[in-house]
Structures are given as structure tokens and as C-alpha cells.
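Single-structure report; data block below.
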Amino acid sequence: MIEIPEKPSAAISNEVPASKQPPVAKDAIAVMHRFRHAGNGLGSSALQTAVLKFFALAKP
Amino acid sequence: MSHPSLEHAIAAVQQLPNIPASVRQVMVFLNDESVDIEKLEEAILLDQGLVVRILRVANSPFYGLPNQVQTVHDAIIVLGLSHLRMMVTAAMLANQKFPNLADSAPVKTLFCHSISVALCAASLGRQAKLDPNLCFLAGVLHDVGKLALMSAYSSLYDDVKKLQVDNDIFSVDAEKLVFGFDHCAIGEALCKHWMLPDAIASAIGGHHHLDERLELRQGGASMDDLSGILHLADAMSHGLNLENDETSLVPAVLDQTWIRFASTNQTLTQDLELIQRLYRQYSSMFDGH
């Protein structure tokens, strides 16, 4: 059975250099723009909040 | 060019190559908890495409190993069986031969989106006590109908992409306008043709139509968990947009799926971080595709 590890194993120690990371759109406007057709239901709003929190873009 | 009927399109995509027997055999071994590592190694070595992709990921910066991994045996030791299962599933998509699909950026983006959805689905599945293997496989294959349409009807699918961008609509709606049906129906038919589990075929067929399927089930039937997870994983993936697709658009998330699979998840933010880290590792499989 696939187990997504709870935390990286000892072998997984080195962070990927920033230059090799995917250029994710991390600004709040870009995130909200992607949600423009998601509607305002609980599910969509909660997911948007979670994504913004993940990118640390949510207002306190 | 007029669009084909759904029946004609299904018949056309069923002519696409099946999943190679060598990859199927590796997956059978991987699902055996007491598998003999040497037998597994022999089975992997029969598929050179699989070998190349596994070694590429084993040598990715994610693992930070001081020495290069040069053999499949070493890769099995480094990756571990649980990572290897997901990797072989992902490689299955990467190795699949779709005629007329150039090694273009949009195709790579679609592959990477599939990996992102697979990781989200496996994470949600683990939280919901569902088999993460099944969830990962459903995620990897969730847009296989789109790949099949792009392969069998490349010119018509160019019209889909143009319509989608010009009118700022979802691809599934643009597909209905151009074809009269969408990639969900094609993906479901293809998975059935490949004799994949019914639960996967059904979840793929419904990942953009969960609300319609729920309406059909009014009267007591509960939501199919795998379909709900796939629906939510697709939305999560579009929200994260790890593949950096400028046209990425988050679909409406059914409240029922959020409440059922995510609302009580206290570690969601950490899970998203792990998904992002794993995505970097797995997406390297498609480099130079």
C-alpha cells in the first residue's frame, strides 16, 4: 500500500535549490484569479483559504 | 471538420496502445507486500523507459545523495517500495505512447498536473482511510481522456484550447462545445477498455460531474469516496498550480466533498507542503519527455 511519508526520511535531507523549484505563482492575486470561476460555496472558499495559507498569503 | 459521435470517439481511442504488459507485471509485484526484490528488479529491467525514469528520480536533488544511483537494485533500496509504487504508476503515464502527441509544453503540463492530482488524491485518501495506491492511480489517469482526445483528434482539440482561452471557460465546457461530449466520458471508456478497476473508471468519468451524479443518487446512496476524492484533488491541484499553467482554473468544489475529506484535516497545510515537495521529485520524471 502506498504510504505518503508523514515526514521526510533521513535520506531526504537536502532542500531543492531555489533555482530548480517550479516557478509557482505565489501572490494572492494570482491565487484568487485561479479561483475566479470556483464560486463562493463553502468548499471553494475553504480550499482557497487553505491554499492562501499554504503560500502564507492569507490575511491574519 | 464535424465532430465525431461519442461512440465513434470511444472506438477511436480504444485503438490507442494499451498499458504495456511489462509495466502491468511490475505493478502486480509492487502490490505484493512479500515481493522478492530480485524478481521486482528483473521485471523493471524489462522496460527500459521505466528504468530511465526511475534512475532519474532516484538521482534527483530531492534525495540529496552524495553518490550517483546507477542500478535499479540501488534505486529500489534508496526509494523504498512505497515511493517505488507511486513512481511506477507515474512512469506508466509517462511511458504511454499516444500517437500525434508531440513532446510539447502543453502535454508536459498535463502530465505534471496528473502527478499533482495523484499526490493530492493519495494524501486525501490516506486521511480518509482509503487505499492511497488506488487514489494515486486514479489521479494519474484522471485526464487520460484528454490525452486520448488530443492524440486521436489533435486538430479538433486545438479548437478546444482556443475556445477555452478566448472565452475564459473550463476545458470540459469547451470540449462539449467542440465535440458534444467531454474527456471524462472518454477517460471512463478507456479505463474500462484497459480493464482497470471499475471504481477508477467511474471516478474518472465523474470527476467533473459529481453534482450530477449525486443528484442521480438522491434517495439514500452515499457519495462514492474515490469520486469525491478525485474531484477535490483536481480542485486542490488547480489551486496550487504546481505545474505553473497560466490557464489553470479551479473548478467549483462541492461542499459535501470538502466536509467529508478536508474540513477536519488538522494537517492540511503541512500536507500541501509535502505534496509540493513530492511533486518536485516526481515531475522530474517528465523532463525531456
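Protein chains get the first letters and strands the later ones, always in sequence-line order, with residue 1 at the start of each. Atom set for the values below is all heavy atoms of this structure, side chains included, hydrogens, waters and symmetry mates excluded.
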Closest approach of F54(A) to Q276(B) (non-hydrogen atoms, all atoms of both residues) = CZ-OE1, 3.4 Å
Smallest heavy-atom separation, D255(B) atom then L42(A) atom, equals OD1-N, 3.0 Å
Would you mind checking which part of A262(B) comes under 4.5 Å of any heavy atom in chain A, side chain (CB onward), backbone (N, CA, C, O), both or neither?
-> neither
Counting only heavy atoms closer than 4.5 Å, note whether L81(B) contacts chain A via side chain, backbone, both or neither.
-> neither
When A38(A), A50(A), G39(A), G41(A) are compared by non-hydrogen pairs under 4.5 Å with chain B, the top option | A38(A)
Between K53(A), H33(A), H37(A), Q48(A), which has the largest tally of heavy atom pairs under 4.5 Å with chain B?
-> H37(A)
Distance-only check: which donor-acceptor pairs under 3.5 Å involve side-chain atoms of residues 68-77 of chain B, not counting sequence neighbours?
from	atom 1	to	atom 2	distance (Å)
T71(B)	OG1	D74(B)	N	3.1
T71(B)	OG1	D74(B)	OD2	3.3

For atom CG of D166(B), is the number of surrounding heavy atoms from other residues, nucleotides or ligands below 6.0 Å larger than 12?
-> yes
Heavy-atom distance under 4.5 Å to chain A: side chain of L272(B), backbone, both or neither?
-> both
Note: V51(A) and G239(B) closest approach over all heavy atoms is CG1-O, 3.5 Å
Distance col, row L240(B):CG vs R34(A):CZ, nearest 0.5 angstrom, shows 7.5 Å
Salt bridge (Lys or Arg N to Asp or Glu O under 4.0 Å) contacts touching residues 36-45 of chain A (sequence neighbours left out) | R36(A)-D168(B)
